[in-house]
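Chain identifiers are assigned alphabetically (A, B, ...) following the order of the sequence lines, protein sequences preceding nucleic acid strands; residue numbering begins at 1 within each chain.
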Amino acid sequence: MDEKYFAQKIERKWQKRWDERGTFVAKIDDEREKFYCLEMLPYPSGKLHMGHVRNYSIGDVLSWYKRLQGYNVLHPIGWDSFGQPAEQAAIKKGVNPRDWTEDNIDQMREQLKTLGISYDWSREIAAHRPEYYKFDQWFFLKMLEMGLAYRKDSEVNWCPKCETTLSNEQASGGICWRCGTQVEKQSRPQWFLKITKYADELLDDMSQIEDGWAERVLTMQRNWINKSKGTFVDFSVRESSEKIRVFTTRIDTIYGANAIVVAPEYPLIEEKFESFSDEVKAKIEEIKVEQAKPKDYDEEIEKDGIDTGLHAINPFSNEPVPIWVGNYVMMSYGTGAVMSVPAHDERDFEFAKKFDLPIRQVISETHLVHEHHTMQALALDQAFTQKGILVHSDFWNGKKSKDAIKEMTRYAETHGFGESATTYRLRDWGISRQRFWGSPIPIVYCNSCGTVPVEFEDLPVELPESAPFTGVGESPLAKVPEFVNVECPICEEDAKRETDTMDTFVDSSWYYFRYCDPHNSELPFDSEIANYWMPVDQYIGGIDHAVMHLLYTRFWSKVSRDLGMVNFDEPCERLLTQGMVVTDSFYSKKQESYVTADEVEIQRDESGKVIGATLKEDGSEVKVAVEKMGKSKLNGVDPNEMIEVYGSDAARIFSMFAAPAENELVWQESGIEGAVRFIQRVWRYVHKWVESGRWSIGEDDDPNSVSIAELTLKKLDFSDDAKKLRQKTHQTIQRITENFESGQFNTPVAALMELSNAMYDFKVEPENASDGDLFAVREACESLILMLAPYAPHVAEELWEAITGRDLGILESDARFPIADEDVAKEDEIEIVVQVNGKVRSRVKVSSDASKDDLERAALADGKIQNYTDGKEIVKVIVVPGRLVNVVVKG
RNA sequence: GCCGGAGUGGCGAAAUUGGUAUACGCACUGGAUUCAAAAUCCAGCGGGCUUCACUGCCCAUGGGGGUUCGAGUCCCCCCUCCGGCACCA
């Protein structure tokens, strides 16, 4: 046994032993309650970043905690290994995406093993392997059978020079990443999954998970789906027999409509285009071009539009209103037309202000109803968007918005110019990608038979070994004749394969099922096995996935349920959305790329805050920002160096201690020394007692030593100091258990540090320790090690071995997370704060079970308090048992 | 722009969910130990006033307002920063 703590040595020792003993291999066991702990699977970029370390450390803390409580824990890991970076590497460096990906996986697996996360590596999966993506295709075919997969035209980013489609990232700033050409939109047939069919269920089933998911995530999902009840209203057009249909949730404001605003591609506009003036034509074209550009959200888009000269007739008032084309109306969203009510909608208000359109108030606040009936509308300086009472609305005046919405909708329905409707913002999920590195969509196009699904027994449709990666022209897959040319599964005539591959979100939508049964070659997973492990008890991942991934994944479970494969609705009971790990990013405008911190000269203000930077090489300007780590192209902080220097236990403790899991964490390395110091303090303390020979481990013990079993059997006398130490031990167990149960992982580290400080404050040396002292020390040490294990499993195993001679993590281990003894933890005397008018004026010591009356009496008897109450009237006394007394005085 | 979140000492943060603001750690300062350094140990550490000292008082949780006996915590407005926005994953 080394006396000195040497992280690398013990970490390697235990990683090897865990591997050999299969410590973390999960097996179905009906005797024990299962716990499925899952972290979002990483994209194998080749390099671990601090966001990963944080994510997996949180998962490991929970896995260890549950394992020590006797749960049957499943804690798997795999790779989200399809995606653009591999293909970009192929284009830029000429490597094969498969080799590039496999290399990266090997590197990251090594790094993860060095971190010592308690994964069941026998269940490792990777999306890019045919054994896995076979079942992406399997699910696709099932969804096709269910009518959930369909094909329709949809737009993609298109570079006219490279004649290729681009992702949003490749088209950022509206220009092609390769050649800088202005990006356009192109329409092409693509495959969609009908997630909208599940919109209501995705909303309603939130009630099943609301206890375990953060409210912010559910809110974002709710707003993303955005179910709104409202009314379709048809406006007839004075210059045409066509009608314009708009959707509104506020039909009660229709008397305030001052215009109909339509998208530039609106059919009526196309039809009447030639009749417009040159100015109108030019503006419409301009808006079209502008809308076709990929969105840059940083840039504020000013409202723009033009009056076409056409008129729509308000079906309620028969009033004609102008028809405008506006840049904020999209053909692809809603009906492509909106009614503009500036007085009661902020966007419409802004539009009306800019073009000086009339603004008519038709809803007023309840208490102003009377005046507004007779007065002209007040000059509004902003839109009044709340509900209220209708004014300036003919027959409907004086009605409440809520009633008016119902009655006016009914009126529109009976008069044939409208209908009530429920709309969703949620759109179907487009999964077609014109890329090589993804699951091929298992479809064949035949001239005689049409669109033909590949037979189930012919799955997987395998990706070819390689393809020409040029970054120009059609997708690489389309350039591989052996892949494209195929026999039609029906008529056996020559046919062509679909060359689009699936969105990588498909892979990550069902991987947690696969972990349950990762080697099944017939089915994605066995139902019975999945129903044992699933749903996931705790899912942990970045808040950046709050909407898309987590919505797709919920959708996929519901589809699996409808396929009869699982017996539940929601895939994850509890979700911990970890805050982003962000870091300073340096973007060189000259090099048009991100550079590392080493390459720049950083300017700081007096407080050390970064205010700017220049490139060391030539002093050119560098844009400094704080951005999430792992963002593609951005070089994050490399945790491996930190692990090498300080050890993985220290890195893990520090990453957990640095901030609460949900918070964003601005990464900085200073402070990790504190974690190392803490480990060393624990190490030294335990070794001092073990090596003193005062407690026994094996058979050849010191004759003066005594085992914990012997101690437990004796009736022990505890000194006041020993009592104090035991009290601290049990209070710490209470605190940490509470923290873990409520998902708080930073404060337990502080509690452990406090406990170790208390151990150092206990001044008894081994040589003259009584049996009671020995017991108190041993109890503190054992509890500390067990509670430390989730954070620093290597050092915990090592110390546990030192004091018990046994392993901690293995299934056969009898080590259990400690349980607090309330009687030992209880304080006899507590300090109560005494306030006068809410300000702390004194403190009194009372017995911890003092009654309310006792507290009040003690407070009023206190000399300092009497100074404040003398000659004044005591209005009331508020007593919060265990906390404080507040005396309220007057005069 | 739309949706969601965050802001507390020099720094990361804590605060039993409306009840002692600043636990724990980092950095810093002083002391012990040492030939010396590292390591370790002890002490101090929000700001301002007051007292020789004990002490006492006031101001502080991004800014402004409100509710309450009492607000970091609840409500309203504003500022700054971060995440997502459907082809980054």
K.L.:
So if I take every side-chain heavy atom of Ile543(A) and compare against rU20(B), rG83(B), rC24(B), which nucleotide ends up nearest?
P.N.:
rG83(B)
K.L.:
Quick one: is rA86(B) close enough that its OP1 or OP2 comes under 4.0 Å of any side-chain N or O from Arg427(A)?
P.N.:
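For rA86(B), OP1/OP2 do not have a side-chain N/O of Arg427(A) under 4.0 Å.
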K.L.:
Answer with base, sugar-phosphate or nothing: what part of the nucleic acid does Val547(A) contact at a heavy-atom distance below 4.0 Å?
P.N.:
nothing
K.L.:
Taking only side-chain nitrogens and oxygens of Asn226(A), does any of them come within less than 4.0 Å of OP1 or OP2 of rC3(B)?
P.N.:
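False: Asn226(A) side-chain N/O out of range (4.0 Å or more) of rC3(B) OP1/OP2.
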K.L.:
Just call it for Asn168(A): base, sugar-phosphate, or nothing, with non-hydrogen atoms closer than 4.0 Å on any strand.
P.N.:
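The answer is sugar-phosphate, as Asn168(A) gets under 4.0 Å only of primed atoms, P, OP1 or OP2.
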K.L.:
With the criterion being N/O to N/O and under 3.5 Å, what pairs connect the protein with nucleotides 55-57 of chain B, and how long is each?
P.N.:
from    : atom 1 : to        : atom 2 : distance (Å)
rC57(B) : OP1    : Arg841(A) : NH1    : 3.3
rC57(B) : OP1    : Tyr868(A) : OH     : 2.4

K.L.:
Taking the six-membered ring for Trp, are the ring centroids of Tyr646(A) and Phe654(A) within less than 6.0 Å of each other?
P.N.:
no
K.L.:
When you measure from the side-chain N and O atoms of Thr219(A) to the phosphate of rG4(B), is any distance below 4.0 Å, counting only OP1 and OP2?
P.N.:
no
K.L.:
Measure centre to centre between the rings of Tyr539(A) and Trp213(A), then say whether the value is under 6.0 Å.
P.N.:
no
K.L.:
Just compare rC41(B), rA15(B), rC82(B) and give me whichever is closest to any side-chain atom of Arg684(A).
P.N.:
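Output: rC41(B).
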K.L.:
Measure from CZ on Phe745(A) to P on rA14(B) and round the result to the nearest Å.
P.N.:
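Interatomic distance, CZ of Phe745(A) to P of rA14(B): 14 Å.
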K.L.:
Where do Phe678(A) and Phe657(A) land on the ring pair (Phe, Tyr, Trp, His ring centres under 6.0 Å) test, with the steps shown first?
P.N.:
CA-CA 12 Å; Phe678(A) 165 60; Phe657(A) 182 50; 8.5 Å; no
K.L.:
Please report the distance, rounded to the nearest Å, between NE2 in His549(A) and C1' in rA89(B).
P.N.:
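So the NE2-C1' distance, His549(A) to rA89(B), works out to 10 Å.
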K.L.:
Side-chain N or O of Arg677(A) less than 4.0 angstrom from OP1 or OP2 on rA38(B)?
P.N.:
no
K.L.:
Classify the nucleic acid contact of Gln835(A) as base, sugar-phosphate or nothing, counting any heavy atom under 4.0 Å across all strands shown.
P.N.:
base
K.L.:
Under a 3.5 Å cutoff, is there a donor and acceptor pairing between the side chains of Gln578(A) and Asn55(A)?
P.N.:
yes
K.L.:
At under 4.0 Å, does any side-chain N or O of Lys839(A) touch on OP1 or OP2 of rC59(B)?
P.N.:
yes
K.L.:
Would you call Arg433(A) and Asp503(A) a salt bridge, taking side-chain N to carboxylate O under 4.0 Å as the test?
P.N.:
yes
K.L.:
Go through the side-chain N and O atoms of Thr499(A) and Glu474(A) and say whether any donor and acceptor fall under 3.5 Å apart.
P.N.:
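Glu474(A) and Thr499(A) do not have a side-chain donor-acceptor pair below 3.5 Å.
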K.L.:
Classify the side chain of Glu346(A) and the base of rC2(B) as holding, or not holding, a donor-acceptor pair under 3.5 Å.
P.N.:
no
K.L.:
Once the angle between the rings of Trp429(A) and Phe555(A) is folded into 0 to 90°, is it parallel (under 30°), tilted (30 to 60°) or perpendicular (over 60°)?
P.N.:
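Judged by the thresholds at 30° and 60°, the geometry between Trp429(A) and Phe555(A) is perpendicular.
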K.L.:
Of the listed nucleotides (rC69(B), rC88(B), rU20(B)), which one gets closest to any side-chain atom of Leu884(A)?
P.N.:
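Given the options rC69(B), rC88(B), rU20(B), the side chain of Leu884(A) is closest to rU20(B).
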K.L.:
When rounded to the nearest 0.5 angstrom, what distance separates CG in Leu752(A) from CD in Glu754(A)?
P.N.:
9.5 Å
K.L.:
Quick check for you: among rC88(B), rG83(B), rC69(B), whose closest atom lies nearest to any side-chain atom of Ile878(A)?
P.N.:
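Among the listed nucleotides, the one closest to the side chain of Ile878(A) is rC69(B).
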K.L.:
Does rC41(B) have OP1 or OP2 sitting under 4.0 Å from an N or O in the side chain of Arg681(A)?
P.N.:
yes
K.L.:
Are any of Gln744(A)'s side-chain N or O atoms less than 4.0 Å away from OP1 or OP2 of rA15(B)?
P.N.:
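Result: yes.
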K.L.:
By nearest atom, which of the nucleotides rC24(B), rU20(B), rG5(B) is closest to the Arg216(A) side chain?
P.N.:
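Of all the options, the side chain of Arg216(A) is nearest to rG5(B).
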K.L.:
Can you find a side chain N or O atom of Asn663(A) that sits less than 4.0 Å from OP1 or OP2 on rC82(B)?
P.N.:
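No.
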K.L.:
Just to be sure I understand the rule, does Trp224(A) reach a base, reach only the sugar-phosphate, or reach nothing, if contact means heavy atoms closer than 4.0 Å?
P.N.:
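Answer is base: heavy atoms of Trp224(A) come under 4.0 Å of a base.
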K.L.:
Please pick, from rA89(B), rA14(B), rG25(B), the nucleotide with the shortest atom-to-atom distance to any side-chain atom of Thr747(A).
P.N.:
rA14(B)
K.L.:
NA contact type, Thr165(A), heavy-atom cut-off 4.0 Å: base, sugar-phosphate, or nothing?
P.N.:
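Thr165(A): no heavy atom of the nucleic acid under 4.0 Å.
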K.L.:
Defining pairs by Watson-Crick or G-U wobble geometry with both distances under 3.5 Å, how would you list the stems of RNA chain B with at least three pairs each?
P.N.:
B:1-7 with B:79-85, B:10-12 with B:24-26, B:28-32 with B:40-44, B:46-49 with B:56-59, B:62-66 with B:74-78
K.L.:
Check this one for me: any side-chain N or O of Asn223(A) less than 4.0 Å away from OP1 or OP2 of rG4(B)?
P.N.:
yes
